[in-house]
Amino acid sequence: MKRFRVELIAATPNPQQCVYAGMHQDYSEGFVWADRAEWPDETRAGEICVKRLLSGERGHYGPLEHAQIVLNVGWFPHSVMQQARTHRVGVSFDVQCLGANTEVTFVKTSGALHRIAIADLFDRWTYGEQAIRQRNLRGRKGEKPGSYRRDCRTRLKSMKLRVLNEATGFFETSHIKDVTHSGIQPVYRLTMEDGRTLDCTTNHRLLTPDGWKTMGDALSLSTRSDHSVISFRRTTRLLANGNVAVGTGVYRDKAWLQEQINHGANVAAMAQQAGCSITTIRAWARRLQLNLPSAQSRFKIGSQPWNHNPTAIYRQKKWLQKQLKAGLYVDSIAERANCSVEAIKKWVYHCGLNLNRRAPGFQPGMVPWNQGGGGYQLQLSEPARQLRRSNSKLFARRGPASNFWKGGVSSDRDLIAAWTRQIAPEVHRLFNYTCQNCGLRGCNQQLHAHHLVPIYANPSLGREINNLVTLCQPCHTSIHQNNQEAAFAEAFQPQQLQKDWPTKPVPYGRRLRAHPLTVVNVEYLGQQPTYDLEVEEPWHNFVANGLVVHNSMRYTGDRIIRAANDEVELEEVFYLRPIGDYNDRKGKKYVYTSAERSIDLELCRAAASRYRDLLAAGFAEEHARGILPFDYRQHFVVSFSLRAFLHFMDLRAKLDAQLEIRELCDLMWPHLVNWAPQFAEWYEKSRLHKARLAP
């Protein structure tokens, strides 16, 4: 423990006078600052505050929030930092931070996105649901009548947080471990080329095409003493989310789309060149605020619909009144006006009239006309069925003429699937509507057409009807999910088997991947409350306002590599308890011997060597860090209000607290004595080591 260190960075001058001023203003009608010359000195102010605020335990502790102290903590194990953050009130750690309005992206089970402001997320995490319920009776556990908030931390932990798999570049989901309030810090707003913004501190890590960098380093940010921006690198690009990994992706490039528009290319040509749909081109043109040529729009400006007829008889109110008075219904009126039923409905409502309503067609007690008929079916002969099929090929609008045409981007696999669905009735007729796996016929399950030789094994057999067989839906699903295609085909028709089938591919689905955006502006927003998340392994990042940002888990730096290379002492990097006698949480005694400590040191050495080798092999830092012991040493900056300092001492200076965090409290205590001696004297006599919640 000889390496542990706590040093003072800054503190509010005359903190006891500061608390006195806050207390005095609370009970004074005058302007306290005007009486500054008459204030008691620092020592006397401390004595008065202790007597009036603390000794009597009056519960008015707000003035203690005004005095602040900032400490630099060094060489403590990571577990101490985690504990210090768990139960703090008004404590701020110098970790990367985001502004209060920053929205964190979650993914619902349906695939839809759910965004929560990080300040709101912290409020729910710490205090419970914002929905307040009113109690009129005492609760089961003795809760008093009144308003209260529901705990929702378990539900927040189960929500799917969007994170980036840095190995593949695709987005996945993870879960929250903790939400932290990081105090009031200087906050800057980054504006991206597509208009999205991110409020963060200069030390927050952002993902660039060249890896993780702090915001200040990534932008080469230069600021004045008042934190206002002097300059920044205007070519900096940060990775954002939101693009489906299809096509070449050039449709996301604003310069490329502008070039196509300038050359007069139509939307269909752009879609074909980019390997995407016409709808995608239009969507990205809107997102990038580009105007496609008016000739490419679905309906030219100034044009009239093909059926526009301002003198149509159904537009005349008197005529409509006459028809309605005659007792006609909407379909009869539409037939007389030679228009659609919807047109009549629209103009009746437009004229302030009411349609005549028919009595319900089916009254209670009536018997359906088709009851017991056995369902519907087309009574077609085989020649009529074939003629119907051939006519559908002749007259159905296909390709660019179809209403569903999206630019010809369907893959050959999709076309084979569509052909299979069309030919499925013929396949089922050949197999007498019987599942060829379980033998059920005429069951309630939907029948599927299954390829004996899968398409991934031999695409040339994809459109062969002799390669299709009827299966019920459960059998079809089971065969594909359990990879039993080869076994089923061999048992069914071994002469058609292809012995050297390739490995079955794993579908990617509609996975999103990150893409870079350029920072176009940076502005200083002032001192604001800041927050951060801690995310579960293995990817310590999340999506904030559409940009990929790092979470509060810190990198361990180059010290690990230097320790592995014997350039620094191993215990300079990793913490192990001294040899001695200890107790577990239940009071059971045990001995930590020299032999056991040597074994643990060798494990730390092996972990450091493995960490070094993984980084040399190109692994991401957060991936390699996963194999390190939890208690690597860490430096951090922590700030307290005077009230939060006393609260922290109550929680962590108690005699049964963890050894290392008690040592932290012991090293922090002299700074409180030097800073606010009268408060420290009262606390030492009345509360130190007594585990009472401080004011």
Side-chain angles (χ1 to χ4, degrees), residues 1-7 71-88 91 93 177-178 534 536-538 552-614 622 624-636 638 648-671 684 688-691:
M1 295 186 186
K2 61 182 180 179
R3 291 182 174 83
F4 292 169
R5 188 174 176 183
V6 177
E7 299 293 346
L71 302 172
N72 193 185
V73 180
W75 284 277
F76 274 83
H78 179 69
S79 60
V80 169
M81 181 178 176
Q82 294 295 92
Q83 277 200 57
R85 294 172 59 183
T86 302
H87 299 292
R88 74 199 190 289
V91 183
F93 291 88
K177 289 181 67 176
D178 195 12
E534 184 178 340
E536 289 185 354
E537 301 282 352
S552 59
M553 291 291 289
R554 305 290 298 274
Y555 287 114
T556 56
D558 295 331
R559 294 179 298 131
I560 304 294
I561 299 175
R562 295 174 61 195
N565 295 333
D566 295 327
E567 297 176 8
V568 297
E569 187 180 351
L570 193 63
E571 291 198 60
E572 183 77 12
V573 178
F574 298 102
Y575 169 76
L576 294 175
R577 281 187 172 181
I579 298 169
D581 299 330
Y582 296 96
N583 297 330
D584 62 13
R585 290 183 178 273
K586 297 180 179 180
K588 183 180 179 181
K589 296 182 179 181
Y590 65 92
V591 180
Y592 189 44
T593 65
S594 175
E596 291 169 334
R597 198 171 192 277
S598 298
I599 295 173
D600 293 341
L601 277 175
E602 288 305 313
L603 291 174
C604 292
R605 190 182 306 279
S609 300
R610 177 59 177 164
Y611 177 85
R612 174 198 60 198
D613 296 342
L614 288 174
E622 64 275 3
R625 182 167 48 80
I627 55 93
L628 294 176
F630 188 68
D631 270 353
Y632 49 80
R633 294 183 184 269
Q634 197 162 18
H635 311 320
F636 56 93
V638 58
F648 186 82
M649 295 296 292
D650 257 1
L651 288 169
R652 296 304 183 185
K654 55 185 181 180
L655 298 179
D656 61 345
Q658 179 185 333
L659 174 66
E660 292 76 17
I661 206 161
R662 291 207 318 267
E663 181 69 18
L664 172 61
C665 292
D666 291 343
L667 293 176
M668 288 168 50
W669 177 253
H671 295 288
E684 185 174 19
L688 185 62
H689 303 314
K690 295 182 180 180

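All figures in this text were calculated on a predicted structure; none of them were measured in a lab. Counting begins at 1 with the first residue of the sequence.
- Counting only heavy atoms from C-beta outward, the side chains of Glu663 and Asp666 approach each other to under 4.5 Å.
- Residue Leu614 holds its CG atom at 4.0 Å from CZ of Arg610, rounded to the nearest 0.5 Å.
- Of all the heavy atoms in Tyr575 and Pro578, the pair that sits closest is OH-CD, 4.1 Å.
- From Ser598, atom OG reaches atom CG of Leu603 across 11.0 Å, with rounding to the nearest 0.5 Å.
- The closest side-chain heavy-atom distance from Met668 to Arg652 is not below 4.5 Å.
- The pair Glu572-Arg3 meets the salt-bridge criterion, since a charged nitrogen lies less than 4.0 angstrom from a carboxylate oxygen.
- Annotation: cation-pi geometry not satisfied between Arg577 and Tyr592 (NZ/CZ under 6.0 angstrom from ring centroid, within 45° of ring axis).
- Expressed to the nearest 0.5 Å, how far CG of Asn565 lies from CD1 of Ile560 amounts to 11.5 Å.
- With a 4.5 Å cut-off on side-chain heavy atoms, Asn583 and Lys589 count as touching.
- Using modelled atom types, one side-chain atom of Glu596 and one backbone atom of Thr593 make a donor-acceptor pair closer than 3.5 Å.
- Summarising the geometry, atom CZ belonging to Arg5 is positioned 13.0 Å from atom CG belonging to Leu71; distances are rounded to the nearest 0.5 Å.
- Ring geometry for Phe4 against Phe76 counts as parallel: the plane angle stays under 30°, on a 0 to 90° scale with 60° as the upper cut.
- The CG atom of Asp613 lies 9.0 Å from the CD1 atom of Ile627; values are rounded to the nearest 0.5 Å.
- Closest non-hydrogen pair, Cys665 versus Ala653, comes out as SG-N, 3.7 Å.
- With sequence neighbours excluded, the residues that form a side-chain contact (heavy atoms from CB on, under 4.5 Å) with Leu570 are Ala563, Phe574, Leu601, Cys604, Arg605.
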